[in-house]
Number of protein chains: 2
Amino acid sequence: MLEHQEEAPVPGKVTIYDVARRAGVAPSTVSRAFSRPGRVNAATAERIRRVAEELGYRVNPLARALSTARTGMIALVVPDIANPFYAEVILGAQATATRAGFTILLADTQESGRIERAALERAMPTVDGILLAGSRMSDSAIRMVSKQKPVVVLNRAVVDVPCVVPDNARGIRGAAEHLAELGHQHITYVAGPEASWADGMRWRSLREVALELHLRVGRIGPFTPDVQGGVRAAEEMGTSPTSAVIAYNDQLAIGLIRGLAARGVRVPQDVSVVGFDNIFAADLITPGLTTVAAPLHTEGATATKHLLAMISGTASRRSEPGAQRVPEQAGQAVVLPVRLVVRGSTAQRSRKRTSPASGTTRVSPSAAKAATSTSAGSR
Amino acid sequence: MLEHQEEAPVPGKVTIYDVARRAGVAPSTVSRAFSRPGRVNAATAERIRRVAEELGYRVNPLARALSTARTGMIALVVPDIANPFYAEVILGAQATATRAGFTILLADTQESGRIERAALERAMPTVDGILLAGSRMSDSAIRMVSKQKPVVVLNRAVVDVPCVVPDNARGIRGAAEHLAELGHQHITYVAGPEASWADGMRWRSLREVALELHLRVGRIGPFTPDVQGGVRAAEEMGTSPTSAVIAYNDQLAIGLIRGLAARGVRVPQDVSVVGFDNIFAADLITPGLTTVAAPLHTEGATATKHLLAMISGTASRRSEPGAQRVPEQAGQAVVLPVRLVVRGSTAQRSRKRTSPASGTTRVSPSAAKAATSTSAGSR
DNA sequence: ATGAAAGCGCTAACAT
DNA sequence: ATGTTAGCGCTTTCAT
């Protein structure tokens with residue numbers, strides 16, 4: 001009679017023991033039937049499956065995780081989900097994670113290093129690996145983390161930690177060449193967060209390519225990498241900006257265009273603007289934003305693919321504490337190709353503007369320190 | 001000497017046993033010290049904390065979950081993370097979840113009911129509750145789920161399941177009144193997904209308020225609720241749309257404006273457009289989009305708050321299978337206030353346009369078939 | 001207030 | 001191929 005209790009399939013309460021009893025086998029056999037099909041007789045396996053089915057049995061991932069030390073979850077840590085940039089990355093990550101049977105634990109750190117640490121603290125013991133996109137932590141902190149669990153970093157190069165980054169150099173080069181072809185001779189770089197690796201990378205690349213192309217460059221910033229920041233940048237630029245500007249990212253570029261418009265400066269007639277990332281909105285605004293398209297979705301996917309590889313790599317040697325580090329070409333950043341998407345925000349340099357034929361070849365960005373754009377002096 | 005093994009704080013491997021031994025207490029005491037402070041002598045508690053600290057001990061959430069049946073995770077299921085609408089909701093949810101010590105398990109269902117089911121299947125056993133935003137499942141399927149775990153539904157009313165929705169009726173009313181004040185007498189509703197509860201709600205509300213305000217209304221659609229859909233809607237509208245339109249959501253409205261612009265119809269001079277949601281981009285495009293601002297962030301936060309309440313409610317009676325349903329005012333949808341944000345996409349009705357004084361109270365938008373779609377028949 | 005011991009549901013040697 | 005037996009790390013009666 002007690003058997004009757006089984007008759008009511010209470011979904012979350014059926015265990016392998018229930019199935020085992022009902023199928024007339026040992027619990028371990030049921031376990032095998034689910035965790036490693038093939039290691040059990042096809043016939044019994046089938047029977048077990050049937051019984052499990054009718055009993056409404058589902059494996060309990062938690063219990064499984066407790067003994068295997070593998071949870072099937074990976075943490076995705078981002079500074080701001082609402083940032084379309086990360087949204088795309090998340091999508092890419094989610095897609096390949098799901099396909100591999102992994103679940104994503106999402107953590108938004110609100111652009112705060114403190115929250116990021118806390119989030120990691122919480123998530124770490126629950127996940128098999130970590131995807132760090134736009135981390136605010138220091139390189140050494142990241143290395144620390146990667147010593148405990150497999151980690152892949154996005155959009156940033158950290159020594160000794162697998163990274164996935166867009167080809168910033170080529171992207172900036174493409175943008176600069178495009179601008180040069182349109183007759184622009186002086187480009188202003190609108191900088192993003194000071195601490196951003198990508199920002200440094202882009203600015204450096206710009207200076208290099210400028211040298212090569214005989215362009216002059218200036219720089220203002222840093223600004224927060226959002227629309228707000230762009231508006232502020234426009235203010236800082238004053239009424240006579242250079243004829244061309246490359247912004248750290250699209251949000252900044254969009255804000256810049258708005259800010260410029262508000263002060264009567266027209267884009268692209270008066271100044272050409274190029275962004276970076278090619279977020280969704282780049283195509284929505286007027287004029288459309290010319291921008292360096294980063295393979296957002298692909299970045300997420302690629303990073304996840306690597307992470308999963310690392311995870312299955314470490315899976316074997318559980319007991320070796322220090323062995324967490326994987327043979328993978330650690331430290332070797334995978335760089336993904338980018339492409340320039342030309343839209344309406346860039347145009348032939350207007351002849352009406354004064355052409356600063358004078359001026360040195362390469363303008364010292366020291367002018368940047370003048371809060372309210374003294375850098376204008378260079379023009 | 002064996003003791004020395006403890007000296008190397010291998011972060012993920014320290015257990016309460018290690019701490020207990022080192023602190024000279026029983027494992028159960030260590031457990032108490034962490035899970036229910038107060039039930040242990042303040043002094044010993046302190047000592048335990050210290051030892052734990054220096055040993056680098058962290059409670060293992062999985063192990064804890066296995067015995068308590070509470071994981072501290074809630075699943076957030078959304079159709080599309082990249083959709084700015086959901087991005088905001090996610091943020092709101094994440095914020096309050098984190099504050100309560102909960103972690104979010106994110107699942108993007110790619111607008112697919114099938115994937116949604118699969119995701120739930122996977123997540124269910126791992127989470128304490130579920131947040132369903134923009135679910136593609138049937139009401140009954142949702143009720144089924146909510147019988148197993150606490151569930152809160154967003155942007156949709158499902159009988160017997162706690163819901164959080166924006167005040168669609170008031171929102172539409174506000175939009176219609178605004179349009180009426182501007183002199184518009186005929187409003188076209190650009191419909192979203194056929195299966196969408198919100199869409200039905202909005203259309204119905206529009207008809208009601210139209211009756212009251214002596215406005216005529218028409219409707220075209222359904223369209224996919226994205227920019228693409230809006231562009232298609234523009235095509236379907238032909239060259240002589242009504243002077244005012246309300247779209248199911250902002251993306252549709254944005255696409256519509258683009259599509260209209262492409263065919264030489266100017267917004268707001270020729271036609272006024274109102275959206276719904278007030279997503280980020282609504283303020284970026286030109287002209288700015290007049291729209292009904294839904295409290296996106298608040299929705300996520302509110303829903304989460306309710307879910308957490310339900311969770312702590314069910315926490316007590318673990319053994320009562322059928323008792324999962326909470327006393328909460330189940331079925332009672334919480335409706336959140338909205339407000340109209342007026343931007344540049346709406347304007348006084350242009351006198352130049354032919355005023356269709358003739359025509360029935362409700363004009364059949366048959367003109368739509370002029371475009372490419374044949375689906376026009378159903379409207 | 002603290003200790004001892006029995007699980008939570010599953011996996012993993014080790015047998016057979 | 002399948003059964004036995006220990007755990008995984010923590011919580012939780014039940015004693016003391």
Side-chain angles (χ1 to χ4, degrees), chain A residues 6 10-49 51-52 55-72 124-126 128 315-319, chain B residues 6 10-49 51-52 55-72 124-126 128 315-319:
Chain A
E6 299 174 13
V10 182
K13 301 252 164 254
V14 187
T15 77
I16 49 172
Y17 286 86
D18 301 321
V19 178
R21 202 180 324 142
R22 192 76 117 76
V25 297
S28 55
T29 304
V30 177
S31 171
R32 289 191 192 98
F34 284 99
S35 50
R36 39 208 8 167
R39 300 232 195 200
V40 64
N41 182 299
T44 42
E46 182 45 34
R47 178 156 40 98
I48 290 175
R49 286 211 172 287
V51 174
L55 246 44
Y57 167 78
R58 334 247 58 156
V59 328
N60 180 330
L62 272 65
R64 189 199 290 253
L66 190 53
S67 46
T68 60
R70 307 276 274 53
T71 63
M124 217 121 91
T126 323
D128 297 336
S316 33
R317 29 199 157 61
R318 273 183 58 185
S319 41
Chain B
E6 298 174 13
V10 183
K13 300 253 166 255
V14 186
T15 77
I16 49 172
Y17 286 85
D18 301 322
V19 178
R21 202 178 324 140
R22 192 77 120 75
V25 297
S28 54
T29 304
V30 177
S31 171
R32 288 190 192 97
F34 284 99
S35 50
R36 39 209 12 165
R39 300 230 195 200
V40 65
N41 182 300
T44 42
E46 183 45 34
R47 179 157 38 98
I48 290 176
R49 287 210 173 288
V51 173
L55 246 43
Y57 168 78
R58 334 249 56 156
V59 329
N60 180 331
L62 272 65
R64 190 201 290 257
L66 189 53
S67 46
T68 59
R70 307 276 273 52
T71 63
M124 217 120 92
T126 324
D128 296 336
S316 34
R317 28 198 157 64
R318 270 185 60 185
S319 42

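These figures come from a predicted structure and were not determined experimentally. Lettering of chains follows the sequences in order, A, B, ..., and the numbering in each one begins at 1.
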Exercise. Indicate, yes or no, whether a donor-acceptor pair under 3.5 Å links the base of D/dT2 to the side chain of A/Thr44.
Key: no
Exercise. Rounded to the nearest angstrom, tell me the gap between atom CZ in B/Phe34 and atom P in D/dT12.
Key: 16 Å
Quiz item: If you check the A/Ser31 side chain, which of C/dT11, D/dT12, C/dT2 turns out closest?
Solution: C/dT11
Quiz item: Nearest heavy-atom pair of B/Ala23 and B/Ile48: which atoms, and what distance?
Solution: CB-CG1, 4.4 Å
Quiz item: A/Val25 near the nucleic acid: base, sugar-phosphate alone, or nothing, with a heavy-atom cut-off under 4.0 Å?
Solution: sugar-phosphate
Quiz item: Distance from B/Arg32 atom CZ to B/Ile16 atom CD1, nearest 0.5 Å?
Solution: 10.5 Å
Quiz item: Roughly, in whole Å, what's the span from CD1 in A/Ile48 to P in D/dA1?
Solution: 13 Å
Practice problem: On DNA chain C, check which nucleotide each of A/Pro27 and B/Pro27 is closest to and give me the residue with the more 5' one. | Solution: B/Pro27
Quiz item: Is a donor-acceptor contact shorter than 3.5 angstrom present between the side chain of A/Arg58 and the base of C/dG9?
Solution: no
Practice problem: Remember a base hit wins even if backbone is also touched, and classify A/Thr29 as base, sugar-phosphate or nothing at under 4.0 Å, heavy atoms. | Solution: sugar-phosphate
Quiz item: Nearest to the side chain of B/Ser67, which nucleotide is it out of D/dG7, C/dG3, D/dC10?
Solution: D/dC10
Quiz prompt | Out of C/dA12, D/dC10, D/dC14, whichever nucleotide has its closest atom nearest the side chain of B/Arg32 | solution = D/dC14
Self-check item: Per B/Ser28 side chain, nearest of listed nucleotides D/dT11, C/dG3, C/dC10
Solution: C/dG3
Practice problem: Measure from CG on B/Asn60 to P on D/dC8 and round the result to the nearest Å. | Solution: 12 Å
Quiz prompt | Cation-pi geometry met for B/Arg49 and B/Tyr57 (6.0 Å, 45°) | solution = no
Quiz item: Is the shortest side-chain N/O distance from A/Arg36 to OP1 or OP2 of C/dA12 below 4.0 Å?
Solution: yes
Quiz prompt | Nucleotide nearest B/Tyr57 when distance is taken to its side chain, options C/dT2, D/dC10, D/dC8 | solution = D/dC10
Practice problem: Whole angstrom is fine here: how far is it from CZ in B/Arg64 over to P in D/dT11? | Solution: 4 Å
Quiz prompt | Sugar-phosphate, base or nothing in reach of A/Val30, heavy atoms under 4.0 Å | solution = nothing
Practice problem: Kindly indicate whether the side chain of B/Pro125, heavy atoms from C-beta on, has any atom under 4.5 Å from the side chain of A/Arg58. | Solution: no
Quiz item: What's the CZ-C1' distance between B/Arg39 and C/dG3, to the nearest Å?
Solution: 16 Å
Quiz item: For the base of D/dC8, is there a side-chain donor-acceptor partner from B/Tyr17 under 3.5 Å away?
Solution: no
Quiz prompt | Taking every non-hydrogen atom, the tightest pair across B/Thr29 and B/Val40 | solution = CG2-CG2, 3.8 Å
Practice problem: For the side chain of A/Ala63, starting at C-beta, report the closest nucleotide among C/dA1, D/dC10, C/dC10. | Solution: C/dC10
